[in-house]
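For reference, the structure discussed in these notes is given below.
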Amino acid sequence: MVGPPGSGKSMLAARLPSILPPLSAAELLEVSMIHSIAGQLSGGRLSDRRPYRTPHHSATMAALVGGGLRARPGEASLAHHGVLFLDEFPEFAPQVLDALRQPLETAECIIARANHRVSYPAAIQLVAAMNPCRCGMAGEPGHSCARGPRCQSDYQARISGPLMDRIDIRIDVPAVSAADLIRPRAAETSSAVAERVARARSMQRERFAAAGLPQVGTNARCSTALIEKLAEPDAGGLQLVRDAAEKMKFSARGYHRVLKVARTLADLDESAIVGRIHLAEAISYRIAGERLTAAA
Ligand SMILES: Nc1ncnc2c1ncn2[C@@H]1O[C@H](COP(=O)(O)OP(=O)(O)OP(=O)(O)O)[C@@H](O)[C@H]1O
Ligand SMILES: [Mg+2]
Ligand SMILES: [Zn+2]
């Protein structure tokens, strides 16, 4: 999420757990084991709420992906089956952020030692928030950065290309005026959204169970070969993806991730086929970041 100060990025992220389905019994067991190893199982109480971890931007690599004297699990593993929220994303040390690249791909953190290695699971949903530039206001109407256009490009360059490539949904969070808040608006409640999410997730579970892959569970964890089959676009959709991939220079990873997001959007619509409309939305989420960088 990219937006100016006070636009509600941290607030949105904090609400995310309220729309996620509870942990299954098997997931709860895995989560509890990791928290127990880390000495974080307070009083032995178990909760089926998905983990929501918010490490500070001063976190070290060991704190984030695990390590230290006793090879303890890091925040990424403590967030297993849940959300890892990194607020003020560019303020994290670049090499600490890049240590997340491998876990984001393989869903596990590996701690290598001289003569052995430890691996902890880390199937996480990474959520990150940032201002568009260091002064926070780049791109806002009527604002011009004291340091000029470099302000935005230098700040955003702190997130490496390969890490950015792993972020599937990029959204601009525009400023909300006080006047907007005063006007009452009919909004869907979190519990109504949570029901939709739960339905989409159960469709995904059934789909992967039917394919003989019950361990996959969500579109995000699906293999590239399988997602090409499951999210096969119709002719219109295929043309759209081709054009976008060419213009926006998607990586191979980017292409498969667009398919996964589109499959999920179709699931939320309870639609068996992935239509052009789902692909268009998925593509728009991937290119939002590029738009920002291009504007800089
Ligand atoms: N859409 C909104 N609806 C209701 N309240 C909002 C909204 N956006 C912001 N606010 C109010 O503004 C406060 C600040 O929002 P928040 O801390 O999430 O901003 P932020 O985008 O994280 O800013 P920063 O970049 O400074 O960290 C919230 O606690 C809330 O009171
Ligand atoms: Mg904030
Ligand atoms: Zn600036």
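Counting convention: from 1, in listed order, for ligands and their atoms alike.
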Is any side-chain heavy atom of [Y] closer than 4.5 Å to one of [X]?
| X | Y | value |
| --- | --- | --- |
| L100 | R166 | no |
| R50 | V83 | no |
| K260 | D168 | no |
| L226 | F208 | yes |
| H57 | D87 | no |
| L163 | D98 | yes |

Considering only non-hydrogen protein atoms, determine which one is nearest to [atom] and report residue, atom name and distance to 0.1 Å.
| atom | value |
| --- | --- |
| atom 1 (N) of ligand 1 | V176 CG2, 3.7 Å |
| atom 27 (O) of ligand 1 | E88 OE2, 3.5 Å |
| atom 4 (C) of ligand 1 | L181 CD2, 3.4 Å |
| atom 22 (O) of ligand 1 | S10 OG, 2.7 Å |
| atom 29 (O) of ligand 1 | M11 SD, 4.3 Å |
| atom 12 (O) of ligand 1 | G6 O, 3.9 Å |

*Run the numbers for me: atoms of ligand 1, each under 4.0 Å from some heavy atom of N131, listed by number.*
25 (O)
*Contacting atoms of ligand 1, where contact means under 4.0 angstrom from a heavy atom of G8*: 8 (N), 9 (C), 15 (O), 16 (P), 18 (O), 19 (O), 20 (P), 21 (O)
_Below 30° counts as parallel, above 60° as perpendicular, anything between as tilted: where do the rings of Y52 and F85 land?_
parallel
*Is the distance from the Mg ion (ligand 2) to the nearest N/O/S atom of S10 under 2.8 Å?*
yes
*Would you say A129 touches ligand 1, if touching means a heavy atom closer than 4.0 Å?*
no
*Strictly under 4.0 Å, does any heavy atom of S7 approach an atom of ligand 1?*
yes
*What part of V173 sits under 4.0 Å from ligand 1 if we count only heavy atoms: the side chain, the backbone, both or neither?*
neither
*Vertex the Zn ion (ligand 3), rays to SG in C135 and SG in C133 - rounded to 10°*: 100°
*Counting heavy atoms only, which of K9, M1, M130 comes nearest to atom 25 (O) of ligand 1?*
K9
_I'd like to know if the side chain of R170 reaches the main chain of I167, judged simply by a donor and an acceptor atom lying under 3.5 Å from each other, with no hydrogens or angles considered._
yes
*Can a salt bridge be assigned to the pair R207 and D267 using a cut-off of 4.0 Å between side-chain N and carboxylate O?*
yes
_Would you say atom 31 (O) of ligand 1 makes contact with the protein, given that contact here means a non-hydrogen protein atom less than 4.0 Å away?_
no
_No-hydrogen, no-angle side-chain donor-acceptor test under 3.5 Å, Q102 and T106_ = yes
